[in-house]
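Working notes for the structure below.
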Amino acid sequence: MPIATTNPATGQVLKSYDPMSAEQIDAAIERADLAYRQLRGTTIAQRERWLTAAADLLEAERDETARLMTTEMGKTYAAAKAEVTKCATACRFYAAKAAEFLADEPADAAAVKATRAFVRYQPIGPVLAVMPWNFPLWQVMRFAAPALMAGNTGLLKHASNVPQTALLLEDLFRRAGFPEGAFTTLLVGSAEVDRVLSDPRVRAATLTGSEGAGRSIAQIAGRELKKTVLELGGSDPFVVMPSADLDRAAEVATTARCQNNGQSCIAAKRFIVHADVFDAFAEKFAAHMSALRVGDPMDPDTDVGPLASEGGRDEIHAQVRDAVDRGATVLCGGEPPTGPGWFYPPTVVTDLRPEMRMWSEEVFGPVAGLYRVSSYDEAIEVANGTAFGLGSNAWTRDPEEQERFATDLDAGNVFVNGMTTSYPELPFGGVKNSGYGRELSALGMREFCNTKTVWVGEGAATAGAGAHAE
């Protein structure tokens, strides 16, 4: 895949880049390693000033940065501005919380026959980040902000269709004051990931992307004995029970399915509705979806912009056609418009069955699958009946059902009476084929730390009984 900015609203190639040579890659890794040796010796207070400066720059340059993201991958300008603001918020969160998250944690010294015992969190070195195009700033920032504050350095292999956003991120951290090489963009294709992750100076990797990409990264990292965090695909359930506020549920369902033009791992994709309210919800939901305006992502009146690539648009249409050919019903949408750009209308498909691709595959666009169930148990069976387990939504005003959903939904995130989203304050990640490890919160910062046990005794006599080293 060429490294190029192609406007998905027009299909026009605006800017292209030559991939880095082997020598350039090696030099970038060397800079990241040297920067790590410098950064790990700085104080948290110093890193706090740099990360706060990055937040200031993001806020000052929000509109320009948002326009670039919209041009590269097609999200609406309003959504792009919100993404920039969210990144600035994450920078300020980790700048303020790093001292707390990285503080030594005391242990019971007496229980382990020590005068002092504690856990210390320390950085591990350069981390490779392989990131997707759908949230080209936020996906990177939720790794970069905690990693840099912990004292690690970052090597970014971004998606090949958002090179300008990738370069902007490198420039952002440099201008904020971080040492040269603390955050470096690698303009390379996927074939170079093995080379980078196999380098002994690179200590870990984080990836947000497809199952296939996750398996590839995990295989390399396993061979090299390196830590990974993987956030992979999702086919998130959105369960609606009889006690739900149907008007609110249908409204939020529309946003949950079509956020980011439907291209979000945590977008609700499978709408599982109790038979008692199925018809009423389906009517409301289809009406909301039909009312969304598809068009120029820079137009403030546009709700849904183009898909990021022609191949992505063709793939979701093939999934819809497969369902229809096997007996599914389209309540709205279902046919791409003619003309330039990679647009697809908000679509609702029902009467789905297991033999249809939409039943088991992630649909990465503004297409919703609607499922009728007759009980709570059947809702859970359908919701969990997928290889994925990233986010989930449940709509019910019954307190007992709320508690049961929180336990029974097999996902890394459960949102009750609300839309799945990510917050710096809460851990984020999945189970099953949606990956492992966690981003955000204190857990996200510590994923790429050496969790070091420190035991202090008075001398050999105090430690004496310890004939076993482990």
Side-chain angles (χ1 to χ4, degrees), residues 44 51 83 86-103 105 119-124 127 129-132 134-135 137-152 154 204-209 211 214 217-218 221 227-238 256 259 264-268 383-384 388-394 402-403 405-451:
I44 291 176
L51 197 59
E83 183 171 337
K86 186 171 186 175
C87 289
T89 298
C91 287
R92 297 194 189 283
F93 173 80
Y94 278 107
K97 288 289 189 177
E100 174 188 336
F101 292 164
L102 298 174
E105 290 186 358
V119 173
R120 176 161 292 172
Y121 297 100
Q122 294 182 293
I124 59 173
V127 180
V130 181
M131 293 289 117
N134 56 335
F135 291 91
L137 208 69
W138 171 241
Q139 300 279 18
V140 178
M141 191 60 71
R142 68 191 196 189
F143 151 73
L148 290 169
M149 277 305 302
N152 296 305
T206 179
L207 174 138
T208 297
E211 284 182 81
I217 285 282
K227 172 73 176 287
T228 55
V229 170
L230 304 180
E231 191 260 277
L232 308 179
S235 190
D236 290 7
F238 188 106
Q259 61 171 318
S264 171
C265 294
I266 56 169
N384 291 343
F388 298 106
L390 189 55
S392 60
N393 309 260
Q402 292 175 2
E403 288 298 318
F405 276 120
T407 298
D408 294 344
L409 284 169
D410 197 4
N413 305 267
V414 177
F415 280 66
V416 179
N417 296 335
M419 188 180 83
T420 304
T421 188
S422 55
Y423 296 95
E425 296 85 355
L426 294 173
F428 181 85
V431 295
K432 300 194 291 188
N433 287 11
S434 289
Y436 52 75
R438 291 296 179 263
E439 298 177 292
L440 303 175
S441 77
L443 295 179
M445 173 170 276
R446 294 169 182 168
E447 285 280 11
F448 296 114
C449 286
N450 173 13
T451 303

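All figures in this text were calculated on a predicted structure; none of them were measured in a lab. Below, each value reflects all heavy atoms present in this structure, side chains not excepted, and no hydrogens, waters or symmetry copies.
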Contact between [X] and [Y] at the side-chain level, heavy atoms closer than 4.5 Å - yes or no?
| X | Y | answer |
| --- | --- | --- |
| Asp236 | Leu390 | yes |
| Phe238 | Met419 | no |
| Leu440 | Tyr423 | no |
| Thr421 | Lys86 | yes |
| Phe101 | Pro146 | no |
| Leu426 | Ser441 | no |
| Thr206 | Ile217 | no |
| Leu102 | Met149 | no |

Taking [X] for its side chain and [Y] for its backbone only, find out whether a donor-acceptor pair lies under 3.5 Å.
| X | Y | result |
| --- | --- | --- |
| Gln122 | Asn450 | no |
| Asn417 | Gln402 | no |
| Asp410 | Asn384 | no |

**Message:** Going by ring pair (Phe, Tyr, Trp, His ring centres under 6.0 Å), name the residues that satisfy it together with Tyr94, two or more places apart in sequence or in a different chain.
**Reply:**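 Checked Tyr94 against ring pair (Phe, Tyr, Trp, His ring centres under 6.0 Å); zero matches.
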**Message:** Under the rule for ring pair (Phe, Tyr, Trp, His ring centres under 6.0 Å), what residues qualify as partners of Phe415, not counting sequence neighbours?
**Reply:**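 So Phe415 forms no ring pair (Phe, Tyr, Trp, His ring centres under 6.0 Å) with any residue.
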From [X] [atom1] over to [Y] [atom2], what is the distance, rounded to the nearest 0.5 angstrom?
| X | Y | atom1 | atom2 | answer |
| --- | --- | --- | --- | --- |
| Glu211 | Leu230 | CD | CG | 11.0 Å |
| Glu83 | Met141 | CD | CE | 10.0 Å |
| Arg142 | Leu137 | CZ | CG | 12.0 Å |
| Phe143 | Phe448 | CZ | CZ | 6.5 Å |
| Leu207 | Gln139 | CG | CD | 10.0 Å |
| Thr451 | Ile124 | OG1 | CD1 | 9.5 Å |

Set of residues satisfying side-chain hydrogen bond (donor to acceptor under 3.5 Å, both in side chains) with respect to [X], sequence neighbours excluded:
| X | answer |
| --- | --- |
| Thr228 | Tyr436 |
| Asn393 | Thr420 |
| Lys432 | none |

Minimum heavy-atom distance [X]-[Y], with the two atoms named:
| X | Y | result |
| --- | --- | --- |
| Cys265 | Gly233 | SG-CA, 4.5 Å |
| Asn413 | Pro427 | OD1-O, 3.7 Å |
| Ala98 | Met445 | CB-CE, 3.9 Å |
| Pro132 | Thr208 | CD-O, 3.2 Å |
| Trp138 | Ser422 | NE1-OG, 3.1 Å |
| Ser434 | Gly389 | OG-N, 2.9 Å |

**Request:** Please collect all salt bridge (charged side-chain N to carboxylate O under 4.0 Å, His left out) contacts where either partner lies in residues 89-99, sequence neighbours excluded, each pair once.
**Result:**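 Qualifying pairs: Asp56-Arg92, Glu59-Arg92, Lys97-Glu100.
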